[in-house]
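All chains are named by letter (A, B, ...) in the order of the sequence lines, taking the proteins before the strands, and each is independently numbered beginning at 1.
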Number of protein chains: 2
Amino acid sequence: MTDIKPPPPHAGHFHEGQLREAIEMLFFAYRDFTSEPDALLAGQGFGRAHHRVIYFVGRHPGMTVSELLGILRITKQSLARVLRELVDQGFVAQAPGERDKRQRRLSLTSKGLAFERALTERQLTRIAKAYAAAGPQAVEGFRKTLLAITDDPSLGRKGMS
Amino acid sequence: MTDIKPPPPHAGHFHEGQLREAIEMLFFAYRDFTSEPDALLAGQGFGRAHHRVIYFVGRHPGMTVSELLGILRITKQSLARVLRELVDQGFVAQAPGERDKRQRRLSLTSKGLAFERALTERQLTRIAKAYAAAGPQAVEGFRKTLLAITDDPSLGRKGMS
DNA sequence: GTTTTATGTCAGTCATGTTGACATTTTGCC
DNA sequence: GGCAAAATGTCAACATGACTGACATAAAAC
């Protein structure tokens, strides 16, 4: 009585079991995917929040604090602590904007760049192995489906200029 | 000098840009995917940890605490707080094992079952839409690739019986 | 010249994870 | 029968990363 459920009327033409499999795959994949850089981060007294900042600043050198907040979707108070530690310890550099001097343009120092590579390398390797094992056609389906799961793939990444 | 990097020697036959796209897609998809049930959870004074417990107990009625700990990969102390709240508020039931009376077999009450459906429905709908939009072939690639990203797809789910 | 924007900061709180130590009940083995 | 191991619970202390609310400053924009 507790495990046989009628399919919900809005589930489209997929079985609920297939959809639940996706829920669980996302949970397990993300858990494993994020677990690797943690040892490296812990060695520096950092956490995942630091990784995210380092990653996106490395990806978008010269980005503003506002842009970073838009990507991470956290409050500026949450970001402030993490960012201050990274700046104080010489991983991230801040520079006033040229046109708009209120902005603090963010970039990685060479120390930050080296750390970013060490952190991201583990994840790149994991993805590379998975992509190679799955094959190009599966990767295309992976990309297409994952983007469809995301709220709006264009926002929060490059859309906010 | 900061954004042109040579491809790492171990990245296989995919460009680093493609691999970084995957890193970012996983981040954004998972963030959006987990964001929806939060309002519902907050209304009960719960968080994501409660959702995970409710989800997996609903998925595996009669599971033991050890099995749940193995899936979630958190400490028993972390689980204890969440589980106690769910039991106290009548979402989860505990029953001693028949053969092994040390065990507390976990299951959802009818109240818990109703809440599980309300919570999971949002995520099922999201996946169903994405699957429908992407098509069966893309879904197959999605599954294959996501499983390859996961450490060992057989462990931590059904393999520990 | 006033308002808005970009950013920083202080203070308090909450959710969720951790480690370490210890208690209880039951099982399983000699 | 008795003792070790297992399944679970619990207390205490702590770290991380999120939140809200309030206020401060400098620069840009109208």
Side-chain angles (χ1 to χ4, degrees), chain A residues 27 30-31 34-35 37-57 62-88 92-106 160-161, chain B residues 27 30-31 34-35 37-55 57 62-89 92-106 160-161:
Chain A
F27 172 72
Y30 196 78
R31 187 194 57 185
T34 54
S35 71
D38 284 2
L40 208 45
L41 288 159
Q44 299 276 345
F46 291 156
R48 279 183 206 168
H50 300 84
H51 189 186
R52 289 186 209 121
V53 170
I54 286 179
Y55 181 87
F56 284 111
V57 170
M63 78 189 307
T64 67
V65 172
S66 286
E67 287 165 353
L68 185 52
L69 285 173
I71 287 180
L72 298 177
R73 296 227 195 120
I74 58 177
T75 59
K76 63 177 177 178
Q77 296 94 326
S78 294
L79 176 59
R81 267 179 307 204
V82 171
L83 192 53
R84 191 166 359 98
E85 289 172 357
L86 290 171
V87 170
D88 287 351
V92 170
Q94 290 174 316
E98 292 194 7
R99 282 214 311 263
D100 189 337
K101 291 173 189 168
R102 293 170 303 179
Q103 297 174 337
R104 305 293 168 92
R105 298 285 186 162
L106 304 172
M160 58 189 322
S161 96
Chain B
F27 172 72
Y30 195 78
R31 188 193 56 185
T34 54
S35 72
D38 283 2
L40 207 45
L41 288 160
Q44 298 276 346
F46 291 155
R48 281 183 205 168
H50 300 84
H51 188 187
R52 288 184 210 123
V53 169
I54 286 178
Y55 181 86
V57 170
M63 78 189 309
T64 67
V65 172
S66 285
E67 287 165 354
L68 184 53
L69 285 173
I71 288 180
L72 299 176
R73 297 230 194 120
I74 58 176
T75 60
K76 63 177 177 179
Q77 296 94 327
S78 294
L79 175 59
R81 265 179 307 204
V82 171
L83 192 53
R84 193 169 354 101
E85 290 172 356
L86 290 171
V87 170
D88 287 352
Q89 296 183 38
V92 170
Q94 290 174 319
E98 293 193 6
R99 282 213 312 262
D100 190 337
K101 291 171 189 167
R102 293 170 303 180
Q103 297 174 338
R104 305 292 169 91
R105 298 284 186 163
L106 305 173
M160 59 187 319
S161 95

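In this pair, B/Y30 and A/Y30 present their aromatic rings parallel. The plane angle is below 30°, not in the 30 to 60° band. Below 30°, between 30° and 60°, or above 60°: for A/H51 and A/Y55 the angle between ring planes is above 60°, a perpendicular geometry.
In this structure, A/L72 and A/L79 approach most closely via the heavy-atom pair CD1-CD1, 4.2 Å. What you find for A/M63 and A/V57 is that their closest heavy atoms are SD-CA, 3.9 Å.
At D/dT8, one or more side-chain N or O atoms of B/S66 fall inside 4.0 Å of OP1 or OP2 (strictly under the cut-off). For the pair A/Q94 and C/dG8, the criterion of a side-chain N or O lying under 4.0 Å from OP1 or OP2 is met. Taking only side-chain nitrogens and oxygens, B/R81 never comes nearer than 4.0 Å to OP1 or OP2 of C/dG17. At the phosphate of C/dA15, neither OP1 nor OP2 sits under 4.0 Å from any side-chain N or O atom of B/H50. The phosphate of D/dA18 (OP1 or OP2) has a side-chain N or O of A/R52 nearer than 4.0 angstrom. Residue B/T75 has no polar side-chain atom (N or O) positioned under 4.0 Å from OP1 or OP2 of C/dG17.
Nucleotide D/dT16 holds its C1' atom 16 Å from the CG atom of A/L72, rounded to whole Å. Rounded to an integer number of Å, the gap from A/E67 CD to C/dT7 C1' is 14 Å. Nucleotide C/dT7 holds its P atom 11 Å from the CG atom of A/L83, rounded to whole Å. In this structure, B/Q103 places its CD atom 10 Å from P of C/dG28, rounding to the nearest Å. Atom CD1 in B/I74 sits about 6 Å away from atom P in C/dT18, given to the nearest Å. A/L41 places its CG atom 12 Å from the C1' atom of D/dT16, with the value rounded to the nearest Å. The distance from atom CE of B/M63 to atom C1' of D/dA7 is 14 Å, rounded to the nearest whole Å. Following rounding to the nearest Å, B/E85 (CD) and C/dA15 (P) show an atom-to-atom distance of 8 Å.
The backbone N or O of B/V82 sits nowhere less than 3.5 Å from a side-chain atom of B/E85 that would complete a donor-acceptor pair.
A/R99 comes within 4.0 angstrom of the backbone, heavy atoms only, and of no base.
No N or O donor and acceptor, one from the side chain of A/R102 and one from the base of D/dA28, sit under 3.5 Å apart. Between the side chain of B/K76 and the base of D/dT8 there is at least one donor-acceptor pair of N/O atoms closer than 3.5 Å.
Place B/L79 and B/E98 on DNA chain C by their nearest nucleotides, and B/L79 ends up nearer the 5' end. Nearest-nucleotide positions on DNA chain C for A/R84 and A/D100 put A/D100 closer to the 5' end.
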